[in-house]
Amino acid sequence: MRFQAPRGTHDILPSESHRWQRLETVFRDLSELYGYREIRTPAFEDYDLFARSSGETSEVVNKQMYDFRDKGDRHIALKPEGTAPAIRAYLEHGLGGQGAVTRLWYLTPFWRYERPALGRFRQAHQFGLELIGSPSPEADAEIIEMTVEFYRRIGIGGLRVLLNSIGRAETRARYREALLAHAASFLSTTDAETRERAEKNPLRMLDSKDPAMRAALDGAPKVTAYLEESSQQNFDRLQKLLDRAGVHYTLAPEIVRGLDYYTDTVFEVQSDDLGANNSLCGGGRYDNLVQELGGPATPAVGVGIGVERALIVMEAAGATIDAPRLCVYVVAATESARGQVAEVARELRIAGCSAVTDLDGRNLKAQLKQADRLAARYALLIGDDEMASGTVTVRDLATGEQQSVARADLVEALK
RNA sequence: GCGGAUGUAGCUCAGGGGUUAGAGCGCCUCACUGUGGCUGAGGAGGUCGUGGGUUCAAGACCCAUCUUCCGCCCCA
């Protein structure tokens, strides 16, 4: 029996893990620059945490959760997103203190039971930012600016940043009715599935790919026309702040997001290199979530950035990341030198120089071949001659040039 | 959950009922017993995704199932 990784999951192999490491470093450095601190939450949580936060009728909760009963009959779910666990931990440990603004970042796997396609997996990863405790558009701008800066730093700038405001919960309820009323005649002629979906979440109609639906929504009221005064003011202010920060964005009334907890600002970054799943990241403001999860009324804003999707777009954009190179391969040119080879390798590693040696008694040629394959910068040859003279032969594997270096000077010579 | 394509060597793929299943790349050995890459010669490596069926005969045809890929839905 040969096993395979479960459907929709992937091994990250040595040939690509350095790309992941690079993205992680960029994101971590950026987050810390803005004063965010890392939070790590468990892989699984109480099922109800997600049911309550994302909305019982949302797709994620409805059909995409990996949930199960554990041996203590607890209803558990693998996390399908990162925000709810972060807020749960924030509340559980009183991170907000007496109303302080809290900045959190994380890197987390998440799980959704979906049919795999381009950029869509059953286990994926996301970088997340949560800025908790500020109602100001300045906070929204900070999150969006960081997101755009992240993409710039990994070499995929110039992406579509789509921005919208969906207002407060009450606003949205009124807007939903208006939208349903506009589409009523179309919905009465369409299939049951489409109708059901529309009634469950009318806003979803807005980003439908179905041409008939799009036609039916032609001339439909815009959510921005329903915004309350404070929402509109904040939205205007956010746009000014983004302009000032040099962030290019497009107003996109069709961006509504799939999770119920969003309020006012929502945004998304898209790319054409992702096929049907063109969303690179998604975020927005969620002013009711903290309270819904049992905390004090606390405004917050955040973003989830898809790691796999960022990598796909980087690949398509030709943004390459060099694999780390081995510094030296220490070769035993004669059998009697094997002890010395191990000793030299150990010294070099202490000095911070990566070193590999042959373990299986292979001959000189085979060892050099290994050195070549591992893309080592230098092969260090040690044989009877070198041992007699207390030297090491340093061979530059790119040029083939060799020079004899005294063992005492070796670390210095390799710098 | 629905639709389409797909699975043969480590990798990329050919073979479309008839001997012992092939190629390129990669790997190992030798030419070259203290020198990698280039060249030449030789070699290893396959339950043809899995299970059933049809047939004198199945890698090939049929059914089921799983994977991967793409689309729908949805989203990162």
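By convention in this document, chain letters (A, B, ...) are assigned in the order of the sequence lines, proteins followed by strands, and residues within each chain are numbered from 1.
Remark: A64(B) base-pairs with U50(B); criterion is Watson-Crick or G-U wobble with both hydrogen-bond distances under 3.5 Å. When Watson-Crick and G-U wobble pairs are counted only if both distances are under 3.5 Å, A41(B) pairs with U29(B). Using Watson-Crick or G-U wobble geometry with both donor-acceptor distances under 3.5 Å, G1(B) finds its partner in C72(B).
Ring geometry, Tyr286(A) versus Tyr262(A): the interplanar angle exceeds 60°, so the pair is classed perpendicular (tilted spans 30 to 60°).
Applying the side-chain hydrogen bond (donor to acceptor under 3.5 Å, both in side chains) test to Tyr151(A) and every residue at least two apart in sequence or in another chain returns nothing. Residues passing the ring pair (Phe, Tyr, Trp, His ring centres under 6.0 Å) test with Phe68(A), sequence neighbours excluded: none. Partners of His182(A) by ring pair (Phe, Tyr, Trp, His ring centres under 6.0 Å), not counting sequence neighbours: none found. Under the ring pair (Phe, Tyr, Trp, His ring centres under 6.0 Å) criterion, Tyr175(A) pairs with Tyr226(A), sequence neighbours left out. With sequence neighbours excluded, the residues forming a side-chain hydrogen bond (donor to acceptor under 3.5 Å, both in side chains) with Glu92(A) are Arg88(A), listed by chain and number. Shown here are the side-chain hydrogen bond (donor to acceptor under 3.5 Å, both in side chains) partners of Glu315(A), two or more places apart in sequence or in another chain: Arg19(A). In this view, His75(A) and Tyr47(A) satisfy the ring pair (Phe, Tyr, Trp, His ring centres under 6.0 Å) rule, not counting sequence neighbours.
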Letter per nucleotide, 5' to 3', of nucleotides 30-39 of chain B [B base touched, S only sugar-phosphate touched, - untouched; heavy atoms, 4.0 Å]: --B-BBBB--
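A donor-acceptor contact closer than 3.5 angstrom is absent between the side chains of Glu401(A) and Gln403(A).
For the P atoms, the distance linking A44(B) with G3(B) amounts to 47 Å, nearest Å. When the C1' atom is compared between A57(B) and U20(B), the two are found 16 Å apart, to the nearest whole Å. Distance check on atom P: G4(B) versus A64(B) gives 12 Å, rounded to whole Å. For the C1' atom pair drawn from A58(B) and U50(B), the interatomic distance equals 16 Å after rounding to whole Å. Taking atom P on both nucleotides, G52(B) is separated from A5(B) by 26 Å, rounded to a whole Å. U67(B) sits 15 Å from U8(B) when the C1' atoms are compared, rounded to a whole Å. G45(B) and A23(B) have their P atoms separated by 14 Å, given to the nearest Å.
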Distances under 3.5 Å between nitrogen or oxygen atoms of protein and nucleotides 48-51 of chain B:
none

Atom pairs under 3.5 Å, N or O on each side, protein against nucleotides 40-42 of chain B: can you list them with distances?
none

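Residue Gly82(A) is out of contact with every strand shown, counting any heavy-atom pair closer than 4.0 Å. Residue contacts for Glu114(A): at a heavy-atom cut-off of 4.0 Å it reaches a base atom on one of the strands shown. Ala371(A) comes within 4.0 angstrom of nothing in the nucleic acid, heavy atoms only.
Of all the heavy atoms in Thr147(A) and Ile143(A), the pair that sits closest is OG1-O, 2.8 Å.
Aromatic ring centres of Tyr249(A) and Phe267(A) lie farther apart than the 6.0 Å criterion allows.
With rounding to whole Å, Gln4(A) atom CD is found 15 Å from G7(B) atom P. For the pair Leu78(A) CG and A76(B) P, the interatomic distance rounds to 17 Å; values are reported in whole Å. If you measure from atom OH of Tyr66(A) to atom C1' of C75(B), you get 15 Å, rounded to the nearest angstrom. Regarding Lys79(A), its NZ atom lies at a distance of 14 Å from the C1' atom of A76(B), rounded to whole Å. Look at CG on Asn278(A): it is 14 Å from C1' on C72(B), rounded to the nearest Å. The interatomic distance linking Arg7(A) (CZ) with C69(B) (C1') rounds to 10 Å, in whole Å. Protein atom CG of Leu159(A) is 16 Å distant from nucleotide atom P of A76(B), rounded to whole Å. If you take CZ of Arg115(A) and P of C70(B), they are 13 Å apart, rounded to a whole angstrom.
Distance alone, capped at 3.5 Å, is enough to place a donor-acceptor pair between the Asn363(A) side chain and the Lys365(A) backbone.
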Given the rule in the side chain to side chain contact (heavy atoms under 4.5 Å, CB included) test, do Leu206(A) and Val223(A) qualify, once you have shown the distances and angles that lead to the verdict? CA-CA 10 Å; Leu206(A) 291 170; Val223(A) 68; 5.8 Å; no
Could you walk me through whether Thr250(A) and Arg160(A) pass the side chain to side chain contact (heavy atoms under 4.5 Å, CB included) test, one step at a time? CA-CA 7 Å; Thr250(A) 307; Arg160(A) 279 201 303 283; 5.7 Å; no
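Of the residues in residues 10-36 of chain A, His10(A) come within less than 4.0 Å of RNA chain B through at least one heavy atom, sorted by number.
Take the nearest nucleotide of RNA chain B for Pro6(A) and for Val269(A): the residue whose nucleotide is more 5' is Pro6(A).
Between the base of C75(B) and the side chain of Arg309(A) there is a donor-acceptor pair shorter than 3.5 Å.
Judged by the 6.0 Å and 45° rule, Arg40(A) forms no cation-pi pair with Tyr106(A).
Evaluation of the side-chain hydrogen bond (donor to acceptor under 3.5 Å, both in side chains) test over residues 374-390 of chain A, restricted to residues two or more places apart or in two chains, returns Thr334(A)-Asp384(A), Ser336(A)-Asp384(A), Glu386(A)-Thr393(A), Ser389(A)-Thr391(A).
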